[in-house]
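What follows is a set of notes on a single structure, which appears directly below.
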Amino acid sequence: MARKVFILNGPNLNALGMREPGVYGSKTLQDIERDCRTYAETLELGIDFRQTNHEGVLVDWLHEANESAVGAAINPAAYGHTSIALHDAIRAISIPVVELHLSNIHAREPFRHKTMTAPVAVGVICGFGPTSYTLALQALANHIKDQ
Ligand code: CA2
């Protein structure tokens with residue numbers, strides 16, 4: 001069976017493709033999931049792709065990933081900027097976690113420039129639209145291989 005990675009998505013990403021296409025592009029989260037699934041096959045990885053609007057659910061899923069996956073990629077969305085709980089959860093688990101964002105958070109409002117999660121992620125990818133997801137998968141696969 002293929003090794004599995006979790007791809008976790010935070011609040012409001014369920015609205016992708018429906019509003020603000022200028023910032024986030026016109027793909028829906030389902031389109032992105034399909035792209036990730038296709039790309040993960042080339043890396044011989046299985047994916048568990050999920051979205052929630054709830055901070056504690058993301059914490060629970062990180063702990064679940066630690067039990068059943070070899071790594072995780074997370075778009076924490078707005079919780080990345082605010083959540084000490086997500087920072088602590090990533091610290092508390094032993095699998096590698098890559099943070100990703102669709103938009104270039106450094107080129108946006110100052111409150112988006114920092115994330116609580118970046119210091120505990122193995123790395124951060126942002127600014128490439130939906131391609132940020134497949135780049136994060138590639139980076140995660142390479143990191144796991146090198147471990
Ligand atoms: O660029 C990203 O991927 C973000 O994580 C997206 C978050 C934002 O809070 C982060 O600063 C950067 C927003 C999630 C999606 O929000 C939507 C808002 C309007 C329409 C559709 C989605």
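Both ligands and their constituent atoms are indexed starting at 1 by order of listing. Values below: every heavy atom of this structure, side chains too, minus hydrogens, waters and symmetry copies. Heads up: numbering here begins at 1 and tracks the sequence.
- Aromatic ring orientation, H81 versus F111: perpendicular (interplanar angle above 60°, classes split at 30° and 60°).
- Contact annotation: the side chain of L86 approaches that of V59 to within less than 4.5 Å [non-hydrogen atoms, C-beta and beyond].
- For the side-chain hydrogen bond (donor to acceptor under 3.5 Å, both in side chains) test, residues two or more places apart in sequence or in another chain that qualify with E109 are R112.
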Please tabulate protein-ligand N/O pairs under 3.5 Å for ligand 1, atom names and distances to 0.1 Å.
from     : atom 1 : to   : atom 2 : distance (Å)
ligand 1 : 1 (O)  : L102 : N      : 3.3
ligand 1 : 1 (O)  : S103 : N      : 2.8
ligand 1 : 1 (O)  : S103 : OG     : 2.5
ligand 1 : 3 (O)  : N75  : ND2    : 2.9
ligand 1 : 3 (O)  : L102 : N      : 2.7
ligand 1 : 5 (O)  : N75  : OD1    : 2.9
ligand 1 : 5 (O)  : H101 : ND1    : 2.8
ligand 1 : 9 (O)  : R112 : NH1    : 2.9
ligand 1 : 11 (O) : H81  : NE2    : 2.7
ligand 1 : 11 (O) : R112 : NH1    : 2.8

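- Ion pair D31/R34 flagged as a salt bridge, since at least one NZ, NE, NH1 or NH2 atom sits closer than 4.0 Å to an Asp/Glu carboxylate oxygen.
- With a 4.5 Å cut-off on side-chain heavy atoms, I74 and T117 do not count as touching.
- Salt-bridge annotation for E41 and R37: absent, with no side-chain N of the basic residue lying under 4.0 Å from a carboxylate O of the acidic one.
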